[in-house]
2 protein chains.
Amino acid sequence: MTLTSDQENLSLIAPELPEILVRRYRLLRKIYYSAPVGRRSLAAYFQVGERVLRREIDILREQRLVAVEPRGITLTEAGESLVTSIPPSLKSFLGLTVLEEKLVKLLRVKDVIVVPGNLENDPIVLWEMGRAAARILRECLKPGIVLAVSGGTSCAALADMLSEAPAPSDITVVPARGGLGEEVDYQANTIAARVAQKLKANYRLLHLPDFLSQEALKMLLREKKIKEILDLINSACILVHGIGTAEEMARRRGAAPEVMEMLREKGAVGEVFGCFYNSRGEIIEHVPSLGLYLEDLGNRVENVIVVAGGRKKAGAIVAVVGNHPRDYLVLDEGAAKKIMELYGETGVNF
Amino acid sequence: MTLTSDQENLSLIAPELPEILVRRYRLLRKIYYSAPVGRRSLAAYFQVGERVLRREIDILREQRLVAVEPRGITLTEAGESLVTSIPPSLKSFLGLTVLEEKLVKLLRVKDVIVVPGNLENDPIVLWEMGRAAARILRECLKPGIVLAVSGGTSCAALADMLSEAPAPSDITVVPARGGLGEEVDYQANTIAARVAQKLKANYRLLHLPDFLSQEALKMLLREKKIKEILDLINSACILVHGIGTAEEMARRRGAAPEVMEMLREKGAVGEVFGCFYNSRGEIIEHVPSLGLYLEDLGNRVENVIVVAGGRKKAGAIVAVVGNHPRDYLVLDEGAAKKIMELYGETGVNF
DNA sequence: AAAAACGGGTCAAAAAAAGACCCGCATGGG
DNA sequence: CCCATGCGGGTCTTTTTTTGACCCGTTTTT
């Protein structure tokens with residue numbers, strides 16, 4: 001006996017309803033993020049004709065949710081308050097709330113937030129995930145703690161969406177890892193600095209390549225400055241990180257073909273901090289570097305906030321966050337549903 | 001600060017939504033009550049073209065909620081379970097749940113059930129009210145008690161919708177009043193008997209005209225049989241009754257023009273058991289009869305279940321049930337919203 | 001000052017919905 | 001037993017809605 005959600009009930013007698021709701025919500029959200037914005041760019045974004053978008057806008061205008069001005073389309077006050085207040089209703093209606101509950105039990109984590117939409121289809125979903133993660137982060141902050149943030153687009157989204165309001169006193173933000181040769185916007189250092197700025201907190205950076213030989217690492221550890229920061233990182237109370245798919249991360253690190261093959265053989269699906277996980281959640285390989293040093297970081301911090309989205313990340317998410325009762329998991333509808341599919345429970349039907 | 005319901009949120013971005021939901025639900029409900037039923041009669045009932053109704057049916061059939069057979073349209077199993085399980089979701093969505101809460105506080109009664117729809121537009125609403133009242137009645141039943149039911153269409157609906165299942169042992173059903181020269185189907189005696197039959201309980205009838213002179217009454221009270229039943233009625237633990245508008249009840253009792261005028265002058269709005277109430281809830285007049293005898297019945301029973309619907313009854317409902325903390329009130333959306341209007345709180349917008 | 005982008009208007013094409021009517025068939029009453 | 005009734009389904013035309021395409025005057029930006 002599975003308890004039926006409102007969504008199942010109401011969608012049955014009005015099958016066109018979820019589509020309408022999601023469409024309008026996405027439109028409203030897009031305007032929220034890129035106002036003032038013109039019809040044509042909106043139409044292009046959603047890949048619909050200009051005329052059909054116009055009709056939608058007309059409806060939203062009649063509801064006094066958007067204002068249409070010569071500069072473009074903007075949300076009214078009512079529209080803004082709606083776009084921030086509606087997600088709970090919408091999530092409940094779309095069955096995402098029950099999905100969250102299922103995932104909490106399935107993955108045995110502390111809490112799960114499922115953001116409507118699919119990251120792979122709509123870039124805004126990433127921002128929404130950032131917002132959700134930022135909200136959780138704010139709740140976890142306490143005076144005097146150390147906050148470690150990792151790199152990647154997901155964490156960058158968190159930094160972007162974090163509101164600019166002071167945090168509890170004496171918080172230090174540190175990168176959870178070194179550089180990875182990525183774009184600077186997505187490096188842990190950059191993100192740590194931006195988060196610290198938003199929180200009006202202190203921050204320390206780790207100017208160190210992520211990939212390093214054991215010898216080089218040992219030598220560097222004798223450097224007082226570096227040792228200091230590494231200790232700081234290891235004393236972190238909160239850890240925020242994304243999740244990579246094994247294949248893409250290996251490729252991005254420029255792994256040799258034989259390494260790729262080895263990873264595939266061992267069944268690597270997910271990656272975090274240079275540690276590769278198989279689908280049973282075991283670490284099967286780590287790059288010889290800080291990964292070694294940071295490997296058990298996740299075991300000591302009080303709160304871990306994991307942010308990841310997109311259907312292709314589903315396997316990696318399951319591998320990485322499974323059975324971690326202190327983890328908060330923020331993901332998108334696409335990944336969440338894919339996970340349920342992996343577990344054979346088709347769950348909500350769309 | 002009024003808490004916003006899901007309805008307000010979602011209806012804002014999809015204004016056509018409540019209409020669709022209500023339309024489909026009414027259709028489903030109508031089929032439920034009159035299956036197997038044909039397209040044409042359904043179209044006539046809802047006063048729409050046959051073709052538009054057909055489209056609705058097609059949608060419901062695609063959802064596998066109805067089965068279309070040569071004999072007519074029937075609900076599938078899924079449809080039946082939906083039509084009985086959906087009202088909570090729908091009510092919450094339409095804001096009726098918050099309406100119920102407001103009315104409980106406003107009228108200071110034990111509980112309020114608002115049934116979707118308007119009795120004056122859709123006769124089925126009466127049946128739904130009957131179902132809701134029947135459910136409450138079942139909850140109130142205890143072994144050995146006496147149940148008094150009144151007359152009228154609302155109580156008749158309760159009797160109709162009461163499921164045919166045994167009640168706790170040794171329950172006696174009695175009419176709460178005598179006859180009123182109405183159709184036999186709506187007389188208290190008839191209804192009491194039908195309720196008893198459904199509950200598989202005992203019943204006693206009161207073969208006495210409702211309108212009687214004091215002398216005649218006194219004489220009849222010497223009759224042992226009659227006295228017995230009246231005592232039984234007065235020992236009732238549960239009372240079920242409807243509510244009449246003062247004007248209509250006076251007319252139906254064949255009151256003389258001068259009496260009508262007097263009632264109007266005194267501001268009579270509601271009637272129960274021959275007692276006329278003004279809008280402040282005071283009894284301003286009662287017909288010389290059992291009313292006298294039964295006047296304070298309502299003050300002694302443990303549970304009172306009041307069933308009334310239609311916008312025109314709003315005033316009467318407020319007058320009669322105001323400030324009775326042991327009353328359950330079952331009414332329809334029409335009456336409920338009209339009551340809120342009377343109180344100046346427009347509340348939900350349609 | 002020029003160029004780009006904005007919303008709004010308009011008109012024809014296309015699609016969807018609605019109305020009207022007929023047909024074969026199962027059912028139920030005579 | 002048969003026939004009249006009411007059933008769903010099909011189909012046609014008409015009407016309404018939706019969509020696409022394009023232009024225009026104005027504001028904003030560069």
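A note on names: the letters A, B, ... follow the listed sequences, proteins ahead of strands, and every chain is numbered from 1. Note that the structure is a prediction, hence the values are computed from the model and not measured.
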message: Does A:R138, at its CZ atom, have more than 12 non-hydrogen atoms belonging to other residues, nucleotides or ligands within less than 6.0 Å?
response: yes

- request: Without swapping roles, check the side chain of A:R24 against the backbone of B:I13 for a donor-acceptor pair under 3.5 Å.
  value: yes

task: May I ask you to decide if A:P116's main-chain N or O and A:K91's side chain share a donor-acceptor pair within less than 3.5 Å?
output: no

statement: Here the distance between atom C1' of D:dG8 and atom CG of B:L42, to the nearest Å, is 12 Å

query: With the sugar-phosphate defined as primed atoms, P, OP1 and OP2, and the base as all remaining atoms, what B/S/- string results for nucleotides 24-30 of chain D, 5' to 3', for protein heavy atoms under 4.0 Å?
result: ---SS--

query: Is it true that a side-chain atom of B:K198 and a backbone atom of B:D160 form a donor plus acceptor pair closer than 3.5 Å?
result: yes

message: Tell me whether the rings of B:Y33 and B:W127 are parallel (<30°), tilted (30 to 60°) or perpendicular (>60°).
response: perpendicular

Contacting residues from residues 47-68 of chain A, given that a heavy atom lies under 4.0 angstrom of DNA chain C: A:R51, A:R54, A:R61, A:V68

- prompt: Does A:E341 pair with A:K337 as a salt bridge, N-O distance under 4.0 Å?
  reply: no

query: Nearest 0.5 Å, what's the CG-CG distance between A:L96 and A:L90?
result: 7.5 Å

field: Pi-cation contact, B:F46 with B:K30 (under 6.0 Å, within 45°)
entry: no

- prompt: Does B:R39 make a side-chain donor-acceptor contact with the base of D:dG6, cut-off 3.5 Å?
  reply: no

